[in-house]
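Contents: one structure, followed by commentary.
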Amino acid sequence: MTQAVRVRFAPSPTGLMHLGSLRTALYDYLLARKTNGQFILRIEDTDQNRLVEGSIENLIDSLKILGINCDEGPEIGGNYGPYIQSQRLEIYHQHINELLDKGLAYHCFCTKEELDQHRQAQMNLKQNPKYSGKCRSLTPDEIKAKIDAGLDYVIRLKMPEDRTFSFNDAIRNKVEIDSSLVDDQVILKSDGFPTYHLAAVVDDHLMQITHVLRGEEWLPSTPKHIYLYECFGWTPPIWVHLPLLLNTDRSKLSKRHGDFSVQNYLNLGYLKESIINFVALLGWHSAEDRELFTLEELVNEFSIERVNKAGAIFDITKLEWMNGWYMRNLDVKYIAQEAKPFFTKANIDVSDHNKYLKVIATAREYASTLIQLIDFSKVYYQDFTLSDEDLAIVKEENSQKVLSWFHIKLKAQAEWTKDEINALVKEAIATLGIKGKHLYFPLRIALYGSSHGPEIPTLIDNLGLNEAIRRLSLFL
Ligand code: GLU
C-alpha cells in the first residue's frame with residue numbers, strides 16, 4: 001500500500017499572510033483533498049527576532065475565511081503535535097545532540113565580527129561567501145574550556161566536501177547542486193533555538209510529511225536538508241519547489257512593492273472565490289487551460305504535474321476581471337451579504353432588504369469589487385449634485401416636458417411593475433414625439449445623476465416609486 005499523502009503548510013509568523021504563502025497553502029490543501037490525504041498547519045516561529053504579534057491569528061483566520069481547512073494544526077491539534085515549533089525545542093535539542101554525538105555537527109564560537117570580516121574578505125576576492133571552517137576541528141577539551149568560560153556558541157552542520165547533491169524535484173525533475181556551494185549551516189543558534197533547516201527537517205520527518213511544497217527560494221537549501229535526512233538515517237520526502245512569483249515586467253514580486261496580504265485584498269472587496277481561483281493559477285494550469293474554477297473543482301483538477309517551472313506572473317488585472325465575473329455570476333443574495341459590511345462602513349443604510357437586493361443586482365453589472373458596488377449604489381440612497389453639462393440638459397425645454405410627463409404619469413398609479421414602466425416609456429415616445437437620448441438622458445440624469453447607466457424601468461424600480469417621483473419633481 002502506498003503511504004497516504006501528508007502535506008504541511010509551514011509559515012513563519014512574520015506578518016500578514018500574503019498571496020504567495022496562500023498559494024503554497026492552497027496547493028497543499030488541493031493535493032491533500034484530491035488524494036484523501038492530510039493537510040497540516042505548522043507554525044515555524046524559531047526566528048524569535050522576526051516574530052510579529054498577531055500574525056499567527058492572521059494566518060489561521062485567513063485560511064478559515066478562504067475555506068482552506070486543515071486537518072491538524074495549532075488550533076485543532078492532532079497526533080503529531082505540538083504544531084508550533086517554539087513548543088518543540090526539547091525535540092530539536094535531542095536531535096542536535098545526536099548529530100554532535102555522531103560527529104556530524106560541531107560547536108562554533110566565532111564571533112559576529114570574525115564572521116563578518118571573513119565574509120568581507122571573500123567578497124573582496126569575488127568568492128562565494130562561506131564559513132571558514134575554523135571551529136570544525138576543535139577538540140572536546142577546547143570546546144569544554146570555551147563553554148566553561150561562558151563563550152556564546154552555535155552548532156553547525158558539518159557538510160561533506162567534494163560532493164554533488166543530486167535529487168529529484170517533482171516540478172524540476174533532476175536537480176544537482178555542488179557541495180562547494182553549500183555552507184556549514186548553523187542548526188542551533190546561540191539563543192537556544194534551532195534554525196529553520198534543522199527544525200523543518202526534524203518536524204517533516206516526525207510528522208510523516210510525504211511531500212514538501214515550498215517556494216523556489218528554498219531550492220539551494222535542499223542539499224542541507226537532504227544531508228540532514230542522511231545523517232539521521234531517514235528517507236526524505238518528495239520535494240516540490242513552486243515557481244517564483246513575478247511582476248508583469250518579470251521582476252521578482254517583492255513584498256516591499258505592495259501590500260500582497262490576503263487581508264488587503266479582502267479589505268479591497270475581492271471575493272474569496274476569486275482570490276482562490278486567481279492564486280490557484282499562479283503557476284498551475286488545467287488540462288484544457290480553463291480559467292474559472294471553484295475550490296471543489298480545483299480539488300478535482302489539481303495535479304503537481306501541471307505546476308510550471310517558469311515564474312508565475314502576478315497580474316492584478318486578471319484578479320479584477322475574475323472578481324467581476326464572480327460578482328456577476330454568483331447568487332446575488334450572496335454578493336449582497338458579502339458587500340454589506342462595506343455599506344455599513346460607508347454609513348449607507350441598506351436595511352430595506354428588498355431594495356438592497358435590487359440595487360446590488362444592478363450595481364454588480366458595473367462594479368468589479370465589493371467596494372466598487374458602493375460607487376454604483378449610493379445614488380439610490382443619497383442625493384447627488386449634477387455636473388453643469390447634465391444640469392444644462394435637464395433644463396432644456398424638451399427635457400422638462402419629459403420629466404413632467406413622467407411625473408404626472410407615475411403619480412397616477414400606486415404601484416408600477418417594470419413591464420408597465422417599459423410600456424410607459426414607449427407611450428412617452430409616441431405621445432411626446434421625443435425619443436432616444438432626448439428622452440433617456442434627462443430621465444436618467446434626474447433619477448440617477450448621470451446620463452449613462454441602467455435602464456429607466458430598473459432605475460425607477462430600484463429607487464422605489466415615491467423616491468423616483470420626488471427626484472423628478474426636484475428637477476422640474
Ligand atoms: N517557514 C518557512 C517559510 O515561511 C517555510 C518553508 C517551508 O515550507 O519549508 O518560508
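We're numbering straight along the sequence, starting at 1. Predicted, not measured: the structure shown is a model, and the values here were computed from it. As the structure lists them, so they are numbered: ligands from 1, and atoms in each ligand from 1.
- Residue His225 forms a ring-ring contact (aromatic ring centres under 6.0 Å, His included) with just one option from Tyr196, Phe232, Trp234, Trp218, and that option is Tyr196.
- The nearest heavy-atom contact from the protein to atom 5 (C) of ligand 1 is Ala10 O, 3.1 Å.
- Here's the thing with Val212: none of its N/O atoms is less than 3.5 angstrom from an N/O atom of ligand 1.
- Of the heavy atoms in Phe9, none comes closer than 4.0 Å to ligand 1.
- Between Trp284 and Phe293, the ring centre distance stays below 6.0 Å.
- Under the 6.0 Å distance and 45° angle rule, Arg328 does not count as a cation-pi partner of Tyr366.
- Per-residue contacts place Ser12 under 4.0 angstrom from the following atoms of ligand 1 (heavy atoms of the residue considered): 1 (N), 2 (C), 3 (C), 4 (O).
- The protein non-hydrogen atom at the shortest distance from atom 8 (O) of ligand 1 is Arg8 NH1, 2.8 Å.
- Taking atom 1 (N) of ligand 1 as the reference point, the nearest protein heavy-atom neighbour is Glu44 OE1, 2.6 Å.
- If you look at Tyr356 and Phe343, their ring centroids are closer than 6.0 Å.
- Using the six-membered ring where Trp is involved, Phe314 and Tyr265 have ring planes that are tilted, between 30° and 60° apart.
- A cation-pi arrangement is absent between Lys158 and Tyr227, since the terminal nitrogen or guanidinium carbon is not both under 6.0 Å from the aromatic centre and inside a 45° cone about the axis.
- Distance from atom 9 (O) of ligand 1 to its nearest protein heavy atom, with residue and atom name: Tyr196 OH, 2.4 Å.
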